[in-house]
Structure formats: C-alpha cells, structure tokens
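Taking it in order: structure first as structure tokens, then the write-up.
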Amino acid sequence: MKQAFDLSVLVKNSGEWLKGTGPESDIVISSRIRLARNLAGFPFIKKCSEDDRKKIERQVRTRLEALAGWDDIQYVDIDSLSEVDRQFLVERQLISREIAESEGSRAVAIDPCEQYSVMINEEDHLRIQVMHSGLDLVSAWEQIDKLDDAIEGELLYAFHPRFGYLTACPTNVGTGLRVSVMLHLPGLVITQQIEKVFRSMQRINVTVRGLYGEGSQYTGDFYQVSNQVTLGHTERELLTMVGEEVVPRIIDYERKARDFLMEKGEQDLLDDVSRALGILSTARKISSEETMHYLSKVRMGVNLGLIDDVEVATINKLFIHTQPAHLQKLQGRMLTTSDRHIERANYLQRHLRDSGSLPDELN
Amino acid sequence: MKCQYCDKPATFHITELTQPGGPQILHLCEHHARTVLQKDEPSPIKTITGALAKQLQLGQTKEELQKLDKKECPSCGITFFEFRNSGRLGCPMDYTHFESDLTPLLINIHDSLEHTGKRPSRAAANVDAQAELIGLRKAMEAAVQSEDYEKASQIRDKINEIQGDPKHPGYVPPADDGESGNDDTGDDGPKSDSQSSGGDTPASEGGGQ
C-alpha cells in the first residue's frame, strides 16, 4: 500500500510562488490561474450524495494518476487530515478554505514543485490551479490548458454549447477561468492612493480585494486582482485584461508612489523600514498580524535597496512560515496562540539574524 | 471593537474596495478575517442576490418570483428558491431547465450569454443522456435511503450499463490500465464501495498527522 503523503516534506521546501522570482516580482507576489470543471452525468456537489462524491473522487484520481508526466503527484485525502494539516494546505494556497472546512470525500493532487494543484469535490468537481511566482500568466495558462486537455481526454466534462463549461455557481460559468494576481502595494498604501487607484479600475471587469487593507492597525498591503466575468470572453482575452491592461497600470502607480516616497523622504522611509526590521528581529512575542505588517515594510525596504542583506525570497518565506499552521508544522507540535506568538518571534529572530541583517553587536 | 460576526475583538479591518455601494470596511476577528480573506473570489451569494435584486427592479413582480421559486429541476430536484438561497445550482441540467430564468442573471453577472472560449474536444453531446444519469443517481440515493436495496441494485446496473456503453452519450471511457476499468463498473453500488476503497485510497489511510 502506498504511504500517505507526509506534508512535512512540503514545509521544508519553498513552493513555487514563494520563490520571489519572475517578472515584476518586487511588486507581484504570484500569478494564479484556476479552472472550474464538472463531470457530465453527475449532479453538482450541492446535490451529490456521499456515494456520488466517492465515485467522482475515485474516477478523477484514477485518471490523474494515469496521466503522462504526472507520476510524482501527491494525492492527499483532505477528509482524513487533521485540522492543522488542512490549515497548512490553505496557508500554502494549495487548497481553498471552502474545501478545508467542508465535509465528505474530497481530495487534492499536488505536484512536488507546488505549481499545480487539482482540488476534487470543492464547489465544483474539479478545481485545477497553476501558480507561478511573479507576473507570469501566459506560461501559467499554457500549463493549465495542457493539463485541462489531458484530463478532458480521460473524463467527460459538463459543457453547454452556449454557456460553455457548466459550474455550480453561475458566476464561474463559461470559461470557468479565474485569473488572480497577488500584488504587494505598500507605496500606494502609504501615499493613501490605493482607493483612488482601485476606484479608477472599477469600470473594468476586475475584482480587487484588499487583503489586510488600509485603515487597519496591521496591514500586509497585499491586494488580489482577478477577472470578474468568466462568460463572453476567451481565456486569452481574460488573461490580457488582467495581466496586460490592469496589473501593469497598478504596478506603474506603485513604482511612482515608491519613487515619490524615496524622493520626498528617504530618511523617513529608511527609519520606518529599519524599525520594522528591528522589531521583527528582536521581539520576544509577536502575532501573525503584526508580523505581516512589519514584514510588508521590510519587503518594500529590500526592494528599494534600503535593506541590502535580506533576500526577497527570505521575506516571502517568512510571510508563510509564520502563519499558525506552518509554525506548528515546523515545530512538529500543536501550539496555543500564546505559544505561537513566542515561537513566531523565535523563528523570525533566527532567520533574520542568520541572514546577517542585524548589526554585529546584536548578533 | 467587536467582530461583526461574533463577540471576539476585531483585530482585522478589511476594506472591500469593489462593493457596489463603494468601499466597505469590515471589522473582523482573526477567524472570520481568514474566512473572508482566503476566499479567492467575491461571495457568489452576494453577486447572485445582487443580480436577482436588480432583476426584481427590472419588472419581475413578487408573485412572479414566488412562482419561480417553486420551479424544480426534474433531474436533480433543486428548486429555484434553493438555488437563490445558496447561490449554487444542483446539476448541469439546471442550465437547461432554468435557462430562461438564468438568462437575465447571467447577463447581469457577465454581460454576455455566449461562451467564446475553449471547447472540449468531446463534449457531453446528448443532454438527455446526462439528465438520465443524474436522475438515476438521485433515484439510487433515494432507494438506498429507504433501504430498498433491490431497487438500488437495479438502478446501479442501469447506471453501469449507460457508463459502459461506448455508443451511449453518457459513456465514461475507462483509463488505460486494467484496474481502472473495474473502478468504473465496480464502484457504482453502495456495497462495492467498501470493497474497492481498501487498497484504492492510500492517502486516506492515516493521513492525519
């Protein structure tokens, strides 16, 4: 019998989107594409019996395992995972919160590089995802398109000649495509331009979500831009809209904001960024919100050349490794919130001191 | 300040920038913030109720909507009311059964009714056959629920017959390896699941750490 996949293997590696590489990676964290697909002849998840779910899972799994070039995929039965492991996969962006928290037969297939993941029995029977570091939608699309073709060669998708790929929620029907670009926009937040920029985007068919938005004491300054519509446009049109029309404009605004900040108050910015690094490197107890807030500043400092001995990849890794489930997986044990605060501070100290970012006397 | 959804303190203050009425600030505890933040798209229920509200304003009377709410899909049994409340449809056939009712909704959401993107090389051509399969699955589940195993077994055989006949539009091709052929035909009954799942789902065994 095949051994259950040990998720600890993933903790030690950095996923594809954590690399901090790829075009525009000073501002763009990751590019993600997902396709929603359903099998013909089965009800959607809402009306599936547990027996139906099991059949869907088994059918999809058998086909995925038989795909050429997919020999080393890991297949994870989500239902049998502990809560921490589910949360871990959510933090890693390999599964959605919805599938983590639902019940019944459901699974995810993950490739070792964590570029691909296929969720089975989420809101739709299949949610295929490809994630790249930086702004890299076209090659992500080419990869997911090929995988989709390969799966479609083995399974019959629910498709309507007029409405396209049929999905449980009408907001996904048609292409079933969601293109999401995660942006780090501290410059626009500090200069208080962020709302103005996004308001100007509202007429375009994109959704912008502020993750840890402004107005908060703690903010990671992350924003996700996605296409709003899925029907009536080709996949390439949707990619172009998000990746060539909207995101480059936001990047441009962010660069201008950073330039402005550097010109008008480099010392203030340097002070702000250095204090953030100081707190992260010396705190003894720290919450994940506070960590996000200061890591965001440090990340900008690194990208502006104000801090030159910390790698962006290190910062990206710290963003994810300081999340609750990651911390517990790294420690190999369950931790209370208060213990997590202590362990998080220890972890940050170790990694930021190791990177040589602190003056010698503190090391 | 307390979380909008529970009594815990609100430590996250999230600005939703694309709400119809302008930016909206949510004050949430860590748990609810995660729920909100980690959804990868806007809440479909909000989108759908928003679109349906528009539809109402566009002339559909309350009576008309009440009548529509009772409409039921003959394949999966979902009512329009159920859909409206959950934002999720019950089966692919709903797009056919509720086509005229979904049309204004789709226009509101997507501003279009025509898919122009990718097409699968082998689409499920015969809609009736797909509807039949979904209906049979529903009937089998009902038979199992009422412990009528003889009926359930008959329905299972019928499903297997449909899925195993290459000429039938509901045909599901087996994978290349010999084992998966069994998988298709062998796992369709409520009893056979326990037989085949033993060696078939390694990840499920002791997966939790």
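FYI, side chains are in, hydrogens and waters are out, and symmetry mates aren't considered; it's all heavy atoms of this structure. Quantities reported herein were computed from a predicted structural model and do not represent experimental measurements. Chain naming here is simple, since letters A, B, ... match the order of the sequence lines and numbering starts at 1 in each.
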Original post:
Between Arg127(A) and Asp124(A), is the closest basic N to carboxylate O distance under 4.0 Å?
Top reply: yes
Subject >> chain A contact via Glu141(B) - side chain, backbone, both or neither, heavy atoms under 4.5 Å >> reply: side chain
Original post:
If you tally heavy-atom pairs under 4.5 Å against chain A, which of Pro92(B), Gly117(B), Gly77(B), Gly135(B) wins?
Top reply: Pro92(B)
Original post:
Looking at Thr167(A), Thr230(A), Leu231(A), Leu166(A), which makes the most heavy-atom pairs under 4.5 Å with chain B?
Top reply: Leu231(A)
Original post:
Is it the side chain or the backbone of Ser105(A) that comes within 4.5 Å of chain B heavy atoms, both, or neither?
Top reply: neither
Subject >> chain A contact via Leu106(B) - which portion, at a heavy-atom distance below 4.5 Å >> reply: side chain
Original post:
Taking NZ, NE, NH1 and NH2 as the nitrogens, is one of them in Asp52(A) or Lys47(A) under 4.0 Å from a carboxylate oxygen of the other?
Top reply: no
Original post:
Who passes salt bridge (charged side-chain N to carboxylate O under 4.0 Å, His left out) against Arg106(A), sequence neighbours left out?
Top reply: Asp79(A)
Subject >> Max heavy-atom pair count under 4.5 Å with chain B, selected residue of Val229(A), Thr175(A), Ile78(A) >> reply: Val229(A)
Subject >> Test of ring centre spacing under 6.0 Å for Phe98(B) and Phe83(B) >> reply: no
**OP:** Look at Asn38(A), Asp149(A), Leu238(A), Val84(A) and state which one has the largest set of heavy-atom pairs under 4.5 Å with chain B.
**Re:** Asp149(A)
Subject >> Partner chain A: residue of Cys76(B), Ser112(B), Gly90(B) with the largest heavy-atom pair count (under 4.5 Å) >> reply: Gly90(B)
**OP:** Measure up the Tyr165(A) and His115(B) rings against each other and bin them: parallel (under 30°), tilted (30 to 60°), perpendicular (over 60°).
**Re:** perpendicular
Subject >> salt bridge (charged side-chain N to carboxylate O under 4.0 Å, His left out) contacts in which one or both residues fall within residues 90-99 of chain B, not counting sequence neighbours >> reply: Arg162(A)-Glu99(B)
